[in-house]
Amino acid sequence: MPLIGIAKMAAESPVLENKRRVTYLELPAKSFIGACSGKRQIFDWTVNPYRGCEYGCRYCYARYTHEFMELSADDFETRIFAKQWDAAQFRLELRRLAPGDTVAFGTATDCYQPAERRFGLMRRMLEEMHGAVEELVIGITTKSDLVARDVDLLGALARRNDVRVNVTITTHDPALARKLEPFAPSPALRLAAMAKLTAAGVSAGVGVSPVLPLITDTEASLEAVAQAAKAAGARTFWAQPLFLKDSARKVFLPWLEREFPALSTKYAAWYSREAYLKEPYVGWLKERVDRVRQRHGFDERGGHYRPPDWLGPAQMRLFG
Ligand code: SF4
């Protein structure tokens, strides 16, 4: 059957670079900033500069997004598409954002993955936003220490917007992290990047996402992440249990069978019919996470935050 739409565009995308394990391609971009809709909408806008993610987390839920391009769940981590940059188009889209809107970067794939070193799309977007937007809630989710490269721009944006960087840390144990997230920076590197951001007045927090039942859901495991996050200046701490849609299940369950064979029957039973865990597990985990959060005085998810040198609307008028 002939390919159509995004699958055709992906098949025709020019190769920009072949690395040892990963190929970078360029995808024409109809838009950079996507409007969110639907009942479960928690952001107004989302931005994902790259399709695919070479960090290759074994539980990654976004693998299905490569299926739209007739590519496999494994291709997700080796065929990375960078959106073709168009500054004029991005500026035009920025005009649609209104004060108070929430803009979330990295909702599907990591926006500071290694491709960012090559293409710099995040940096270009933040540069365009600086001076052009105000009073937005700007959230960035990443596992990459590269986010600290942009501390200057994030700090500058935070003077007129509510900027929140969410660093994902599923475990503080580097050996387990290497198995789970084989090509992502170590938890120590992520924490060091967070410390740089918070020292510069950028609000940052940690998401333990996903929590793996019977692997990373002990209070000791959550506590280890929380302590390290606190030391790095995190303001927020939250967690959510693993969910496994079809394309993620195909990768995760064979991995579990290899690494944690004693758990494979349990996981197969939990996730064979449903992607999401239900009660009583969800409530039990929430109580545990709440205890850890309260012990360290963390907020749950963001909350309103202004750095000490934030320019409110009245000051902005004065300073132009
Ligand atoms: S960093 Fe995020 S998007 Fe990338 S592979 Fe891991 S879970 Fe998926």
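We count ligands from 1, going down the list as the structure has it; atoms in each ligand are counted the same way.
Atom NZ of Lys196 has 12 or fewer neighbouring heavy atoms from other residues, nucleotides or ligands inside a 6.0 Å radius.
Around atom 8 (Fe) of ligand 1, the protein atoms of type N, O or S that sit closer than 2.8 Å are Cys60 SG.
With salt bridges taken as basic N to acidic carboxylate O contacts below 4.0 Å, none links Lys83 and Glu26. Under the 4.0 Å criterion applied to side-chain N and carboxylate O atoms, Glu127 and Arg123 are assigned as salt-bridge partners. A salt bridge links Arg295 to Glu223: at least one charged side-chain nitrogen sits closer than 4.0 Å to a carboxylate oxygen. The pair Glu181-Arg58 does not count as a salt bridge, with every side-chain nitrogen at least 4.0 angstrom from each carboxylate oxygen.
Atoms of ligand 1 found under 4.0 Å from any heavy atom of Ala108 (numbered from 1 in listed order, with element): 3 (S).
Looking only at protein heavy atoms, the nearest one to atom 7 (S) of ligand 1 is Lys143 NZ, 3.4 Å.
Checking Tyr112, Trp85, Tyr24 one by one against Phe119, the ring pair (Phe, Tyr, Trp, His ring centres under 6.0 Å) holds for a single residue, Tyr24.
Aromatic ring pairs are classed by plane angle as parallel below 30°, tilted from 30° to 60° and perpendicular above 60°; the pair His296 and Phe298 is tilted.
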